[in-house]
Amino acid sequence: TQSTRPQRLLGAVQKKATRGNPRSVIQTIDQFCRQREWAMNVGDEKGCILDSVVTETNPTTVLELGTYCGYSTVRIASLLPPQARLITLEFNPDFARIARQVITWAGVQDKVELVEGASGDLIPKMKAQFGVNTFDLVFLDHWKDRYLPDTKLMEECGLLKKGSILLADNVICPGTPDYLEYVRNSPRYQSQYFKSHLEYTKVEDGLEKSVFLG
Ligand SMILES: O=C(NCCNC(=O)c1cc(-c2ccc(F)cc2)cc(O)c1O)c1cc(O)ncn1
Ligand SMILES: [Mg+2]
């Protein structure tokens, strides 16, 4: 039977990356996507912007929407202080299965909780079921038409506090027009666009960083 792209990406990690070394896992995936097959990881260019936002936020509790193969999960987790936690939500069980193995290979599994399911169902359970108070940082990288409804849901569930940071991938390509309009025009957010490129291409894309003002 044919392997899937996530399976081939995992194979490259297990063959070429050093166990327990997150940087080598990231480097291997970027090399695989540049030399073998494009995949929808945030990538190395936008990944550097993600790194700088994580570092300056110095978060204790992070939520990632859309795990895919775990590339950004590993990038974020590798920058977290010892007690910090990252909860990552993935709807697709095949992606989740691959991501768990990538996360473990990188050695960051103790900082990460991967939860399978639809973000719209799981977000309302964050406080009661996952013991979360509020998120310091949210990385949005899942279905583009879920960015806005899930942001409103996080507000309603009291999961954002004054100063919480939303960082959204793909606001240009594939694009999240309704989300952009909301965070750029709402008095409750201070937004900033980081111009970049779609992972592994010359196509314009970027990250939108939005600070919740309470
Ligand atoms: O979340 C799920 N997919 C990944 C979301 N992410 C994207 O769709 C995504 C797409 C692109 C992209 C850009 C240009 C292009 F030509 C094709 C794709 C880039 C990115 O950086 C993404 O992040 C998902 C799947 C599924 O089967 N069930 C539930 N959820
Ligand atoms: Mg993306």
Side-chain angles (χ1 to χ4, degrees), residues 2-10 25-26 29-34 36-54 62-77 79 86-103 112-126 137-151 153-154 165-180 183 191-210:
Q2 281 299 313
S3 68
T4 65
R5 180 166 309 180
Q7 283 171 332
R8 293 191 292 273
L9 182 150
L10 173 63
V25 168
I26 295 305
I29 295 173
D30 286 329
Q31 190 176 35
F32 174 84
C33 292
R34 286 193 179 285
R36 295 271 181 279
E37 306 181 60
W38 186 91
M40 58 184 167
N41 317 116
V42 72
D44 41 1
E45 193 179 317
K46 289 186 287 178
C48 284
I49 301 166
L50 171 62
D51 292 353
S52 59
V53 172
V54 173
V62 183
L63 176 64
E64 174 179 62
L65 302 175
T67 316
Y68 187 44
C69 294
Y71 174 93
S72 49
T73 319
V74 168
R75 262 198 110 112
I76 295 167
L79 295 173
L86 165 57
I87 296 176
T88 183
L89 310 186
E90 179 49 60
F91 173 92
N92 184 312
D94 300 321
F95 295 168
R97 190 173 306 113
I98 297 295
R100 289 187 200 288
Q101 296 174 79
V102 169
I103 290 160
V112 176
E113 185 167 4
L114 195 165
V115 187
E116 288 182 46
S119 51
D121 300 337
L122 292 167
I123 286 169
K125 298 175 180 169
M126 281 297 133
L137 172 66
V138 182
F139 181 53
L140 297 91
D141 194 22
H142 60 331
W143 274 341
K144 308 316 161 191
D145 62 0
R146 288 298 316 174
Y147 284 29
L148 182 52
D150 286 349
T151 296
L153 195 52
M154 287 188 286
I165 306 284
L166 303 185
L167 187 65
D169 190 27
N170 310 117
V171 295
I172 303 300
C173 176
T176 61
D178 59 344
Y179 172 81
L180 268 192
V183 291
S191 254
Q192 180 183 4
Y193 175 60
F194 292 83
K195 184 173 175 12
S196 185
H197 295 94
L198 176 68
E199 48 268 25
Y200 318 116
T201 78
K202 293 185 167 37
V203 174
E204 181 179 345
D205 189 22
L207 301 174
E208 187 82 0
K209 178 189 171 191
S210 306

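This one's a predicted model, so the numbers in the text were calculated from it and none came from an experiment. In listed order, ligands and their atoms are each counted from 1.
Using cut-offs of 30° and 60° for the angle between ring planes, the F91 and W143 rings count as tilted.
Side-chain N/O atoms of D30 and Y200 include a donor and acceptor closer than 3.5 Å.
Here the protein heavy atom with the shortest distance to atom 4 (C) of ligand 1 is M40 CE, 3.5 Å. In terms of protein heavy-atom proximity, atom 27 (O) of ligand 1 is closest to N92 ND2, 3.1 Å. Distance from atom 25 (C) of ligand 1 to its nearest protein heavy atom, with residue and atom name: W143 NE1, 3.4 Å. Looking at atom 22 (C) of ligand 1, its nearest protein heavy atom turns out to be N170 OD1, 3.3 Å. Protein heavy atom nearest atom 6 (N) of ligand 1, with residue, atom name and distance: K144 NZ, 3.3 Å.
Partners of T151 by side-chain hydrogen bond (donor to acceptor under 3.5 Å, both in side chains), not counting sequence neighbours: none found. Residues passing the side-chain hydrogen bond (donor to acceptor under 3.5 Å, both in side chains) test with E208 are R184, S191, sequence neighbours excluded. Partners of E45 according to the side-chain hydrogen bond (donor to acceptor under 3.5 Å, both in side chains) rule, which considers only residues two or more places apart in sequence or in another chain, are S196, H197.
Using a 4.0 Å cut-off between charged nitrogen and carboxylate oxygen, E116 and R100 count as a salt-bridge pair. Salt bridge annotation for D205-K202: absent, with no cationic side-chain nitrogen under 4.0 angstrom from a carboxylate oxygen.
Remark: among candidates C173, A118, G175, P174, the nearest residue to atom 11 (C) of ligand 1 is P174, based on non-hydrogen atoms. Taking all heavy atoms of R146, E90, E199 into account, the minimum distance to atom 19 (C) of ligand 1 is reached by E199.
Here is the list of ligand 1 atoms found below 4.0 Å of a heavy atom in F95: 25 (C). Taking every non-hydrogen atom of D141 and a distance limit under 4.0 Å, the qualifying atoms of ligand 1 come out as 5 (C), 6 (N), 23 (O). Near H142, meaning under 4.0 Å from any of its heavy atoms, are these atoms of ligand 1: 1 (O), 5 (C), 6 (N). Atom numbering of ligand 1 starts at 1 in the shown order; those under 4.0 Å from a heavy atom of D169 are 21 (O).
In this structure, W38 has a heavy atom closer than 4.0 Å to ligand 1. Under a 4.0 Å heavy-atom criterion, G66 is not in contact with ligand 1.
D145 is not listed as a side-chain neighbour of D178, based on a closest heavy-atom distance of 4.5 Å or more. Put simply, the side chain of W38 reaches to within 4.5 Å of the side chain of T201, judged on heavy atoms. In this structure, the side chains of V53 and L50 stay at 4.5 Å or more apart for every pair of heavy atoms.
Proximity of atom 15 (C) of ligand 1 to the protein is not indicated, since no non-hydrogen protein atom lies closer than 4.0 angstrom.
Residue contacts with ligand 1, taken as heavy atom pairs separated by less than 4.0 Å, do not involve V203 at all.
Of the candidates D169, T88, L65, L166, D169 is the only one forming a side-chain contact (heavy atoms from CB on, under 4.5 Å) with F139. For the side-chain contact (heavy atoms from CB on, under 4.5 Å) with Y147, the lone residue among L180, D141, V183 that qualifies is D141.
Between P124 and G120, the shortest heavy-atom distance links the atoms CD-O, 3.3 Å.
Every N/O-N/O distance between N41 and ligand 1 stays at or above 3.5 Å.
Protein nitrogen, oxygen and sulfur atoms, that is N, O or S, within less than 2.8 Å of the Mg ion (ligand 2) amount to 3.
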One pair to check against side-chain contact (heavy atoms from CB on, under 4.5 Å): D44 and Y71. What are the steps and the verdict? CA-CA 10 Å; D44 41 1; Y71 174 93; 4.3 Å; yes
